[in-house]
Trainee: 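Can you keep this structure in mind? I'll have questions shortly.
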Amino acid sequence: MQITDFNPNIVAFCCNWCSYAGADLAGTSRLQYPVQVRIIKVPCSCRVDPLFILRAFQRGADGVAVCGCHPGDCHYATGNYYTRRRMALLHNMLDFMGIERDRMLLQWVSAAEGAKFAKTMTDFVENIHMLGKNTRLADWRVVNAGNNETES
Amino acid sequence: MLEIMKQRAKELLESGRVVRVLGWQRGDFPNLREPVFFTTAKQLDNLEYDRFCAANLSKYLIGTDVPTLAFLKPCDTYSLNQLVKERQINRQMTYIIGIGCEGSAKLTDMEENGTLERCLVCTKTVHAAFDELIGEDAAPREKNDRFAGVGEIEAMEIAARYTFWQDHLARCIRCNACRNICPVCHCKKCVFDNTKYDTAQRANASAFEEQMFHIIRAYHVAGRCTDCGECNRACPQAIPLHLLNRKLISDINHMFGEYQAGTDTETPGPLTNFDIEMDKEVGL
């Protein structure tokens, strides 16, 4: 498969208070970032269960980003400190099981950092392009079921 | 020692201090010892304690609302502490007799009766909680590095790591034994109890559901796993599940400071706590 054929699916979990507003700012500032990024708003980056990330991979995401407030700026005071510890462990765990760690991204984006959001996403999508399609984590049962539906 | 255990249990039953006794009895196979609640002195004659009594009895104390006597090996008391910390066991309702341990034996090697992997790398030789002790704390064993297996996998290439786990986890039959036996897996409703795909379908599906199950199973006990090794012992397919748990333990030790779950009933776990300065080193 050539890179030009590959249209990655990217899921970005953005916290309501900083990163989602940052993405909004990128939009209102008319900054371009890849259309493949699908944003899911969460109350806090701490809300992101590792299960969400794995499920996203399983259902066909090629990359998953988690964005939250900068450490110290959490709307709920401490949420992102927990996120940081959790995601550090999950990163290593995926790597340990032979899954490219670059498919997962944790980035702090504040509400004022529209440009950073756009750049982060552009770089991330570029990385995923280099890694290619997510095959190691895809659930073939779900993928095949999807194919059958489109055929029938 | 078994006689002393029986005698103490009978005394405590008769005095009314406890109304039931949690121990082991002979199972259906020669070396099988099954956990059982005894309620009368007569039943207590069936109490067994030997190298095959590997089962960690802490989990059976969850939610106990009558005074219960339990015999716990040193490593089992860590699970007890962890469960008390998580408000799953009312310590007032338990009476713990710590018993000495020489290391438990595998059930599967009938001829060799080899020692369990967890006992070869045992670090928990001292009882973390008890009301009285029968026998000695286990003697410190030969110092085997429990993280050696983790290091071997970390040294592999990423593709080799993937193949390694694919080979092992493809054997998974999703019997859920690892989950059910784990003392700290005590959710009343598990995220993997789902009506859409039952166990049979999962077993026939590609390996990923298994891979995800095992990632999440290990992850859900991160920071709470006492490394009691029960998941590894219970697995009928001999999947090296302890490596997943130990990877998380080793990462926690490296990134957030040395931590042994179940040492006490107060200290917050590494994932329910943070250290702003130390966590900057995590690099995320």
Side-chain angles (χ1 to χ4, degrees), chain A residues 45-46 48-60 65-68 70-74 76-108 131 134-145, chain B residues 150 153-154 156-169 191-192 196-197 201-202 204-216 218-220 222-223 243-252 254-256 269-284:
Chain A
S45 57
C46 191
V48 180
D49 185 322
L51 197 61
F52 294 178
I53 296 172
L54 291 180
R55 272 274 185 255
F57 280 128
Q58 191 185 29
R59 301 290 162 89
V66 178
C67 300
H70 284 267
D73 291 345
C74 180
Y76 307 101
T78 55
N80 51 9
Y81 293 132
Y82 299 109
T83 313
R84 179 159 61 181
R85 285 200 160 190
R86 284 178 201 167
M87 292 305 149
L89 280 184
L90 189 64
H91 256 99
N92 288 352
M93 185 78 178
L94 291 182
D95 187 55
F96 184 69
M97 299 195 75
I99 294 145
E100 305 93 341
R101 64 161 66 222
D102 292 345
R103 287 201 187 276
M104 230 190 87
L105 175 80
L106 176 67
Q107 189 64 262
W108 312 123
L131 285 173
N134 155 31
T135 51
R136 291 186 175 172
L137 277 167
D139 181 354
W140 294 107
R141 196 184 40 193
V142 173
V143 173
N144 290 338
Chain B
V150 175
I153 298 177
E154 281 171 343
M156 290 181 189
E157 291 290 314
I158 187 159
R161 288 202 293 269
Y162 184 71
T163 322
F164 175 88
W165 284 112
Q166 202 71 354
D167 288 350
H168 278 299
L169 296 181
V191 287
F192 286 105
K196 199 169 169 191
Y197 302 115
Q201 279 170 302
R202 283 186 173 168
N204 295 330
S206 83
F208 179 68
E209 184 67 31
E210 275 65 63
Q211 192 141 352
M212 174 152 111
F213 170 75
H214 287 289
I215 296 174
I216 294 294
Y219 194 88
H220 276 184
L243 291 175
L244 294 176
N245 295 335
R246 293 218 185 115
K247 167 64 179 167
L248 287 166
I249 294 173
S250 122
D251 278 352
I252 286 170
H254 283 132
M255 292 195 286
F256 316 135
L271 289 188
T272 51
N273 198 7
F274 56 84
D275 180 318
I276 295 170
E277 286 309 310
M278 184 191 282
D279 292 356
K280 283 179 182 161
E281 306 294 319
V282 169
L284 286 175

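Naming: A, B, ... by sequence-line order, numbering from 1 per chain.
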Trainee: Under 4.5 Å from any heavy atom of chain A, what part of B:Thr163 do you find: side chain, backbone, both or neither?
Mentor: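 Answer is neither: B:Thr163 stays 4.5 Å or more from chain A.
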Trainee: Side chain, backbone, both or neither: which part of A:Leu105 has a heavy atom under 4.5 Å from chain B?
Mentor: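 The answer is neither part of A:Leu105.
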Trainee: Any chance you could measure A:Arg85, atom CZ, to B:Thr272, atom OG1, to the nearest 0.5 Å?
Mentor: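 Rounded to the nearest 0.5 Å, the CZ-OG1 separation comes out at 9.0 Å.
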Trainee: Cation-pi check for A:Phe57 against A:Arg103: NZ or CZ below 6.0 Å from the six-membered ring centre and within 45 degrees of the axis, yes or no?
Mentor: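 Verdict for A:Phe57: no cation-pi partner in A:Arg103.
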Trainee: Is the Lys NZ or Arg CZ of A:Arg136 less than 6.0 Å from the centre of B:Tyr162's six-membered ring, within 45° of the axis?
Mentor: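 Yes - A:Arg136 lies over the ring of B:Tyr162, closer than 6.0 Å to its centre and within 45° of its axis.
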Trainee: Which region of B:Ala222, side chain (C-beta onward) or backbone (N, CA, C, O), has a non-hydrogen atom less than 4.5 Å from a non-hydrogen atom of chain A, or is it both or neither?
Mentor: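 Looking at B:Ala222, just its side chain touches chain A.
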Trainee: To the closest 0.5 Å, what do you measure between CD (A:Gln107) and NE2 (A:His70)?
Mentor: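 That separation rounds to 7.5 Å.
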Trainee: Chain A: which of B:Leu243, B:Ile252, B:Asn273 shares the most heavy-atom pairs with it under 4.5 Å?
Mentor: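 Option with the greatest count: B:Asn273.
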